[in-house]
Amino acid sequence: MGSVNDLPGLITARDSQVRELTEQAEELREEVSVLQAAVDTSQTRQLNRAADTLAPAVGLGPVEGPAVQVTLDDAGYSLDTLPEGYSVDDVVVHQQDLQGVINALWAGGAEAMMVQDQRVIATSSVQCVGNTLYLQGRVYSPPYTVTAVGDPDAMLAALEQDPTVSTYRDWAELIGLGYTVTELGSMEMPAYAGSLRPQYATPVELPGEVEEIDSLRND
């Protein structure tokens, strides 16, 4: 396991590797489709085996193994009960909090991952708008769960070392944000069911100005 300073490099390397494997798997499946349309040959079967081998690593096939689940939740205050000196931004889960957990688990060697009830891959975009999560065309409210299959010890160690997750844990203790880590034992994670290639992007305009989050959340 590398140091905390190595985590950005590990995350970037893993993302690049998964993207490359995804492209290889797609190319192989396209070749298979062409060949199967003509005739079932030994070359077709060979390509099928190669594509099936890559499928679990890039999310195209189910994965089974020991899993760790992290749950993040808002602190549960209303405007009337908000502690003096704190803002609404201080007591809700932010995108960087959720992304920090995801990045830490990838860096800890996660072989497959789900956010809420959806399998995520390298091209999945995790976006929070207000206090809701937008993921692959669906909207979720907290609590948010991130489930990863892999070596539990390595993933738990990565969560402990990650600076973004550490900052969130400090805030959880201070203000009551939810943070729970559970070892689930062996589980089967379903294949990714969404589109593999982004079709289009549309900029999202939020009303009003985005207030700067307290510097302690960003440090």
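These numbers were taken from a predicted model, which means no experiment stands behind them.
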> Are any non-hydrogen side-chain atoms of Met113 and Ile102 less than 4.5 angstrom apart?
Replying inline: yes

>> Taking the side chain as everything from C-beta on, heavy atoms only, tell me whether Leu133 gets closer than 4.5 Å to Gln95.
In response: no

>> On a heavy-atom basis, which atom in Asp90 and which in Tyr86 lie closest, and how many Å separate them?
In response: OD2-CA, 3.5 Å

> Does a side-chain heavy-atom distance below 4.5 Å link Gln118 with Arg138?
Replying inline: yes

> Which atom pair, heavy atoms only, marks the closest approach of Ala154 to Gly108?
Replying inline: CB-O, 3.3 Å

> About how many Å separate CG of Leu135 and CD of Gln116, when rounded to the nearest 0.5 Å?
Replying inline: 8.0 Å

>> Between Asp89 and His94, does the side-chain contact (heavy atoms from CB on, under 4.5 Å) criterion hold? Intermediate values first, please.
In response: CA-CA 8 Å; Asp89 278 339; His94 291 281; 3.7 Å; yes

>> Using side-chain heavy atoms (C-beta onward) and a distance below 4.5 Å, is Thr147 in contact with Met187?
In response: yes

>> Restricting to salt bridge (charged side-chain N to carboxylate O under 4.0 Å, His left out), what partner residues turn up for Asp170, sequence neighbours left out?
In response: none

>> Is there a continuous path of hydrophobic side-chain contacts, each under 4.5 Å between heavy atoms, that joins Leu72 to Val126?
In response: yes

>> Once salt bridge (charged side-chain N to carboxylate O under 4.0 Å, His left out) is applied, do any residues pair with Glu160, and if so which ones, sequence neighbours excluded?
In response: Arg169

>> Show the nearest heavy-atom pair for residues Asp73 and Pro142, with the distance to one decimal.
In response: OD1-CB, 3.5 Å

> Would you say the side chains of Thr167 and Thr164 form a donor-acceptor pair under 3.5 Å?
Replying inline: no

> Where is the tightest heavy-atom contact between Glu64 and Val149, given as atom of each residue plus distance?
Replying inline: C-CG1, 4.2 Å

> What's the shortest heavy-atom distance between Ala148 and Ala110, and which atoms?
Replying inline: CB-CB, 3.9 Å

>> Would you say that Met114 contacts Pro190 through its side chain, given a criterion of any heavy-atom pair below 4.5 Å between the two side chains?
In response: yes

> Do you know the tightest heavy-atom contact between Glu188 and Pro62?
Replying inline: OE2-CB, 3.6 Å

> So, the side chain of Asp97 versus the backbone of Tyr168: is there a donor-acceptor pair under 3.5 Å, distance only?
Replying inline: no

>> Just so I know, are the side chains of Arg119 and Met189 near enough to count as touching, which here means a heavy-atom distance under 4.5 Å?
In response: yes

>> Donor-acceptor check, side chain of Asn103 to backbone of Gly100, threshold 3.5 angstrom: yes or no?
In response: no

> Is any side-chain heavy atom of Tyr134 closer than 4.5 Å to a side-chain heavy atom of Cys128?
Replying inline: no

> Any side-chain heavy atom of Val91 within less than 4.5 Å of one from Asp74?
Replying inline: no

Please list every donor-acceptor pair under 3.5 Å in which a side-chain atom of residues 173-184 meets a protein atom from a residue at least two apart or in another chain.
none

